[in-house]
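Quick note on labels: first sequence line is chain A, next is B, and so on, each numbered from 1. In what follows, every heavy atom counts, from backbone to side chain, and hydrogens, waters and symmetry copies are set aside.
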Amino acid sequence: MADALLRLHDVSLAFKGITALNRLSFDVERGEICALIGPNGAGKSSLLNVINGVYRANTGDIVFDGVRFERIHPLKAADLGIGRTFQHNALFGRLTVIENVLAGLARHGRANFLENIFRLGRDRAERRSFTTRAHRIIAFLELDPHIETVVSTLPYGLQKRVDLARALVADPKLLLLDEPMAGMNQDEKAEMSHFVSDVNEKLGTTVVLIEHDVGIVMDLADHVVVLDYGRKVGDGTPDEVRNNPDVIAAYLGTVH
Amino acid sequence: MTVASQIADTPVRGVQRRAGLIGRPLVLITIGLVVAFVAIPLVATDYWLSSIIIPTIVMGLAGLGLNLLMGYAGLVSLGAAAFMSIGAFATYNLLLRLPVLPLPVVLVLAGLIAAAAGILFGLPSLRIKGFYLGASTLGAQFFFEWLFTNFKWFSNGSQSLTISAPRLAFLGWDLSAATGRYLLVAAVTALLILLAYAIVHSRVGREWMAIRDQDTAAAVIGIRIGRRKLLAYAISSFFCGIAGALWAFGYLGTADAHAFDLDKSFQVLFIVLIGGTATLFGSFFGAAFIVLTPILLDRIVLATSLTASADQGALANLQRIIFGVIIILLLIKEPDGLSSLLRRGLSGVRRRDTASRAPLG
């Protein structure tokens with residue numbers, strides 16, 4: 001555990017007395033793909049929301065890339081390099097693919113609004129570098145044919161990929177993927193999981209993802225954390241988790 | 001009609017700006033400028049300029065200001081007229097008290113003063129959303145009407161609380177005649193449309209639309225939501241402020257705070273809805289509708305000689321009812337506003353144009 005990018009310690013979260021996360025601790029190594037699995041309501045999405053500041057934990061603390069915090073503002077999380085996709089489509093529906101991806105670069109913008117509007121000073125270099133970076137990610141995720149398409153008119157699977165592109169373009173150190181394959185057929189899932197592993201290998205991005213399809217998780221992930229009712233019931237390599245009796249009882253057992 | 005053309009017809013809000021204005025930019029812009037600055041001043045009568053064209057352009061400009069806030073940034077304002085009144089009173093006082101300042105500088109300063117007020121009344125947008133946000137801008141509406149009627153300093157101690165422009169001149173040209181006022185209004189509006197175009201196509205415009213479509217996602221990817229919202233209120237009020245100055249001195253000639261009452265705010269709101277949200281030119285169609293429809297209804301009443309059989313008050317009310325019904329019908333049939341209707345008409349013509357030459361891909 002020498003090089004953890006993300007370290008959660010004793011994190012709890014409750015909504016009006018209902019415990020969503022119960023004293024949760026685990027580490028995510030730099031460069032790995034870590035999968036969070038667990039039944040509906042196990043607290044997986046809540047956990048991602050705590051990590052990037054949409055929710056505030058009631059107890060515990062988080063160390064990300066050497067920075068320790070108990071609560072964090074979503075903007076600060078973005079600035080630290082935590083990128084995120086959403087379980088339910090959260091794209092900017094009336095904008096095109098390229099505009100969505102460009103918007104993902106917001107935290108890298110340095111020009112002030114007058115420079116932006118009147119195309120002065122830092123805006124020129126910013127427009128150039130934003131466009132280059134957006135095109136590079138769009139090509140990487142093979143979205144080129146749809147670059148000028150309004151995202152709300154794209155099929156669901158492609159929208160999920162645009163969501164990934166929007167998070168990825170800002171060059172995050174940690175990428176949180178909330179059910180990137182939900183609602184997809186087997187082919188689309190295989191395609192998406194290929195893209196996730198490409199992102200991890202070729203761009204070196206550390207990934208934490210939520211996924212229900214255990215088969216895909218076991219292939220894709222280096223590290224699996226199993227949640228049940230907000231508690232951690234398993235934590236290890238896919239093989240260790242598969243053979244963990246608690247996990248089988250809590251989760252895997254119910255699937256078969 | 002082929003399937004492809006039906007798909008192409010599906011209106012997608014917020015993306016019109018790509019197709020409309022920039023289709024064949026130079027040609028369209030040149031035609032527009034020639035019509036605005038050569039043809040109209042030569043052809044139009046004083047009546048047309050003063051009673052129809054000038055108010056249409058000025059209300060369209062106010063609509064454009066509100067559209068930047070509502071259509072692009074997805075925020076709410078029920079107090080557009082309040083910011084117009086600030087622009088009008090600021091222009092009056094700057095011209096009166098600092099006579100060295102040339103008119104363009106005065107208009108920009110008046111816009112900036114309105115922008116400052118816009119930021120102040122936009123502050124609640126950092127904490128509340130939607131319907132409730134309307135209340136704070138409604139507050140601006142009542143506050144400024146009260147301010148400008150209760151403190152005579154703003155109208156230079158005038159007993160009637162009215163303001164009239166000390167002089168409308170630029171580089172020695174007197175602009176008080178109808179053509180002069182029209183040219184002033186048209187030139188200012190052309191520059192502000194250009195500014196709006198630059199804003200919408202900058203990072204600022206993109207981030208406004210991102211916040212409008214999905215504010216949680218916008219925050220998570222690092223967009224400075226609070227700052228962008230306040231900027232939207234500032235820029236929107238800047239446009240409305242200048243529109244207010246033009247309304248008072250380019251159209252009315254003499255105005256008081258009640259020229260900018262809640263009715264006017266709702267008119268600007270309707271202009272945006274009728275013209276189409278998130279468009280740059282829609283507001284001008286909306287304004288033409290608002291200005292022309294009552295005139296048209298007047299003409300119809302005169303032509304059918306209803307005046308003889310019914311009393312004036314009932315007729316005026318009937319006109320309002322008809323006007324309201326037209327607005328409701330229009331918004332039901334065309335929720336994306338007149339600009340989407342017009343665009344569909346144009347693309348229909350273009351399709352027929354190209355259909356003979358190439359099959360649709």
Contact origin within A:Ala103 toward chain B - heavy atom pairs under 4.5 Å: both
Over all atoms of both residues, closest heavy-atom pair of A:Arg94 and B:Asp213: N-OD2, 2.9 Å
Point-to-point distance, once rounded to the nearest 0.5 Å, from CD of B:Glu207 to CD of A:Glu99: 12.0 Å
Evaluation steps, side chain to side chain contact (heavy atoms under 4.5 Å, CB included), between A:Phe92 and B:Ile221: CA-CA 12 Å; A:Phe92 308 129; B:Ile221 65 176; 3.7 Å; yes
Student check: side-chain heavy atoms of A:Phe113 and B:Arg228 closer than 4.5 Å: yes
Contacting moiety of B:Arg224, where chain A heavy atoms sit under 4.5 Å: both
Between A:Ala90, A:Ala77, A:Ala111, A:Ala78, the one whose heavy-atom pairs under 4.5 Å with chain B are most numerous: A:Ala90
Atom pair CZ (B:Arg206) and CG (A:Leu105), whose distance is rounded to the nearest 0.5 Å: 8.0 Å
Under 4.5 Å from a heavy atom of chain B, the part of A:Val169 involved: neither
Heavy atoms of other groups near A:Arg122 CZ, more than 12 under 6.0 Å: yes
Nearest heavy atoms of A:Arg127 and B:His201, plus distance in Å: NH1-O, 3.3 Å
Pairs of heavy atoms under 4.5 Å with chain A: top-ranked of B:Val204, B:Leu195, B:Ile211, B:Ile223: B:Ile223
Segment of A:Asn116 engaging chain B (4.5 angstrom heavy-atom cut-off): both
Gap separating the CD atom of A:Glu115 from the CZ atom of B:Arg203, nearest 0.5 angstrom: 9.5 Å
For chain B, the option from A:Gly109, A:Ala170, A:Gly53 that forms the most heavy-atom pairs under 4.5 Å: A:Gly109
Greater than 12 external heavy atoms within 6.0 Å of A:Arg56's CZ: no
Engaged part of B:Leu231 at the chain A interface, taking heavy atoms whose separation is under 4.5 Å: side chain
Euclidean distance, A:Arg119 CZ relative to B:Ser202 OG, rounded to 0.5 Å: 8.5 Å
Over 12 foreign heavy atoms within 6.0 Å of OH, A:Tyr156: yes
